[in-house]
Structure formats: C-alpha cells, structure tokens
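Shown next, in structure tokens, is the structure this report addresses.
Computed from a prediction, not measured in an experiment: that's the story for all the values here. Protein chains get the first letters and strands the later ones, always in sequence-line order, with residue 1 at the start of each.
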Protein chains: 2
Amino acid sequence: MATLGELERAVMDLLWERPEAITANELRDLLSQRPAADGRGTDVKSLAVTTVLTVLSRLEKKGLVERERNTRPHRYQAVTSRAEHTAELMLEVLGSAPDREAVLARFIGTVSDGEAETLRKLLGRS
Amino acid sequence: MATLGELERAVMDLLWERPEAITANELRDLLSQRPAADGRGTDVKSLAVTTVLTVLSRLEKKGLVERERNTRPHRYQAVTSRAEHTAELMLEVLGSAPDREAVLARFIGTVSDGEAETLRKLLGRS
DNA sequence: GTAAAACTTCTACAGGACGTAGAAGTGTCG
DNA sequence: CGACACTTCTACGTCCTGTAGAAGTTTTAC
C-alpha cells in the first residue's frame with residue numbers, strides 16, 4: 001500500500017513541487033520534459049493524456065491526490081506535502097517493528113552529523 | 001525493491017526471531033501454526049514445502065536470507081536483524097527525499113514521548 | 001443549437017512480483 | 001541399488017503498474 005510505481009512517483013514529484021493544482025495536460029507536458037529516469041538519452045517520451053489520467057485516478061484512489069471536479073479541465077493536487085508523506089511512510093515502516101527502539105538506534109547511527117544536529121534541535125530538551 | 005509480500009514477511013519474521021538457522025520443513029511447520037494474518041478463524045493452512053522453498057529462494061536473491069548449502073537439509077537464516085533491516089528501509093524512504101530535514105521534523109513530531117526520550121539519549125550531547 | 005474539439009471514463013493488455021505448488025532432478029540411507 | 005528426502009525447474013493465477021484506445025460527456029466555436 002505504500003510503494004508507488006515509477007510513473008506514479010514522477011507525477012507525485014511534480015505535484016509536490018507545485019503549490020497550485022494543475023491539469024492532466026499540463027502534467028503530461030511536464031512529464032515529457034523530464035529526462036528519462038534511467039539517465040542516458042534525452043528520451044523525451046511523450047505519454048498519452050489518458051495514461052496520465054489513469055495514473056492520477058489511481059493516485060486519487062490511494063488518497064494521495066485530490067481533484068477539483070467542478071472546474072472543467074479537472075485540476076489535480078497532492079493531498080499532503082512530500083515531507084508529510086515521507087514521514088508517514090517512515091512511521092509505517094517503523095510501526096510494523098516490535099523492537100522500535102532498536103530500530104531507532106540503528107537509524108540514528110546512520111544519519112549524517114548535520115542531521116543528527118537537526119534532530120537534537122527538534123527534540124529540544126524534555 | 002523494498003516491499004515484501006505477506007508470506008515473505010511471515011517467513012522473515014520467523015527467521016528474525018530465531019538465532020539459529022532452520023530448515024524449510026521447520027519453517028513450514030512454524031508457518032502453519034501461525035494464525036491467519038487476517039485475524040478471524042484459526043485458519044491453520046498448511047503450505048507445501050516447495051512453496052516455502054520458493055519464497056526462501058526469492059528472499060535469498062533479494063539478499064535477505066542466507067542458506068547453508070553444505071548441510072543436507074539446507075538451513076536458512078536472516079542476513080540482517082529485523083532492526084537493521086527496518087532501519088535500512090527507513091533510510092531508503094528518507095533518502096529519496098530532497099527535503100530530508102522537513103521529513104525528519106514531521107517524523108519527530110509523531111514519535112511517542114518515550115521514544116523521543118530514547119532518541120535524545122541516543123543522540124547524546126554533541 | 002449543432003458539430004467539432006476537448007475532456008473524462010471505461011476497458012484492455014503486457015510485464016513483473018508474489019503465493020502457490022506439481023514435476024523432475026539429485027543426493028542419502030539402508 | 002532402490003526408496004525416500006530434499007532441491008530445483010517450471011508453471012499458473014492474481015494483483016499492481018505502465019500504457020493507451022474506444023466510448024461517452026462537456027465545452028466551444030460558428
């Protein structure tokens with residue numbers, strides 16, 4: 001339930017960096033500009049709008065995207081920010097562990113120094 | 001690459017709580033004792049050993065499981081602890097975010113008080 | 001106001017991951 | 001060597017994702 005496909009991901013990334021809702025057509029254009037995920041090759045593959053719409057519908061069903069149904073070309077936007085979504089994902093992963101503290105310990109051990117500092121600040125003093 | 005199926009998950013859970021490597025047959029027995037994931041019904045469904053073996057092979061290919069090939073009934077064990085694995089997953093999720101600090105902020109905000117305390121201890125004083 | 005254009009919804013299919021397991025091959029023990 | 005245990009191969013149904021044409025609906029342009 002957590003994982004997104006490559007295209008779904010690309011769509012969400014675009015929606016996340018936009019404050020305003022956008023249409024499927026706009027999305028399709030943005031998607032075709034983005035360089036192919038696999039790097040090499042300016043593979044400007046243009047998707048069919050229906051493809052984008054299908055993906056958007058699926059994302060809507062998953063609760064990640066919201067659409068304005070009143071305006072005619074429907075406009076789509078992300079329901080939560082990327083940060084929120086990512087944090088939720090992390091919690092989901094963590095949640096399924098019976099040994100949460102051990103997990104957190106490992107986690108902390110791998111985070112960069114700068115981030116550790118950030119965490120310290122965020123946690124403040126009890 | 002991160003997500004495990006339900007059965008794969010069940011197998012890993014068993015391997016994780018066992019310090020010693022065990023055989024596919026033992027695993028199958030343990031699996032049949034476990035109550036159906038969906039709760040209701042003491043659904044003691046017995047799997048074929050080949051099913052368990054297939055799953056183990058897939059987990060091996062994914063690098064989560066290791067098998068002793070020299071002993072005759074091969075014995076399987078988890079490569080990393082559950083805590084390690086979970087922490088890696090969390091990092092994987094976090095890693096794909098361009099706004100790591102924002103994610104961490106949300107994350108911290110949702111963790112329980114007790115865990116926040118633990119985190120504080122783990123981070124220590126810089 | 002009607003036909004064309006734009007837009008949305010429905011239906012579909014291929015490919016990959018996973019649950020599931022029989023068939024076939026190989027090693028083991030008596 | 002033959003029966004049995006164990007492993008590997010092959011296979012299939014299902015679900016998810018990428019992809020999009022066909023069909024239906026709404027808006028627009030004359």
message: Measure CD/B/Glu26 against C1'/D/dC6 and give the value in whole Å, please.
response: 14 Å
task: Classify the nucleic acid contact of A/Thr23 as base, sugar-phosphate or nothing, counting any heavy atom under 4.0 Å across all strands shown.
output: nothing
- prompt: Ignoring hydrogens and angles, are the base of C/dA17 and the side chain of B/Thr3 linked by a donor-acceptor pair under 3.5 Å?
  reply: no
- request: Please check if any side-chain donor atom of B/Arg100 sits under 3.5 Å from a side-chain acceptor atom of A/Thr86, or the reverse.
  value: no
- prompt: Once you round it to whole Å, what is the distance between C1' of C/dT8 and OH of A/Tyr76?
  reply: 7 Å
message: Just N and O in the side chain of A/Thr51: are any of them under 4.0 Å from OP1 or OP2 of D/dA20?
response: yes
message: Need one value for B/Arg72: base, sugar-phosphate or nothing, where a base atom within 4.0 Å counts as base even if backbone is also close, heavy atoms only.
response: sugar-phosphate
- request: Could you state the atom-to-atom distance from CZ of A/Arg28 to P of D/dA20 in whole Å?
  value: 11 Å
query: Please give, in whole Å, the distance from D/dG24 P to A/Leu53 CG?
result: 18 Å
field: Exceeds 12 heavy-atom contacts within 6.0 angstrom, atom CG of B/Asn70
entry: yes
ring-ring contact (aromatic ring centres under 6.0 Å, His included) against A/His74, all qualifying residues, sequence neighbours excluded: none
- line: DNA chain D nearest-nucleotide lookup for A/Val52 and B/Arg58: closer to the 5′ end is B/Arg58
message: Rounded to whole Å, please give me the gap between CE in A/Met12 and P in D/dT17.
response: 13 Å
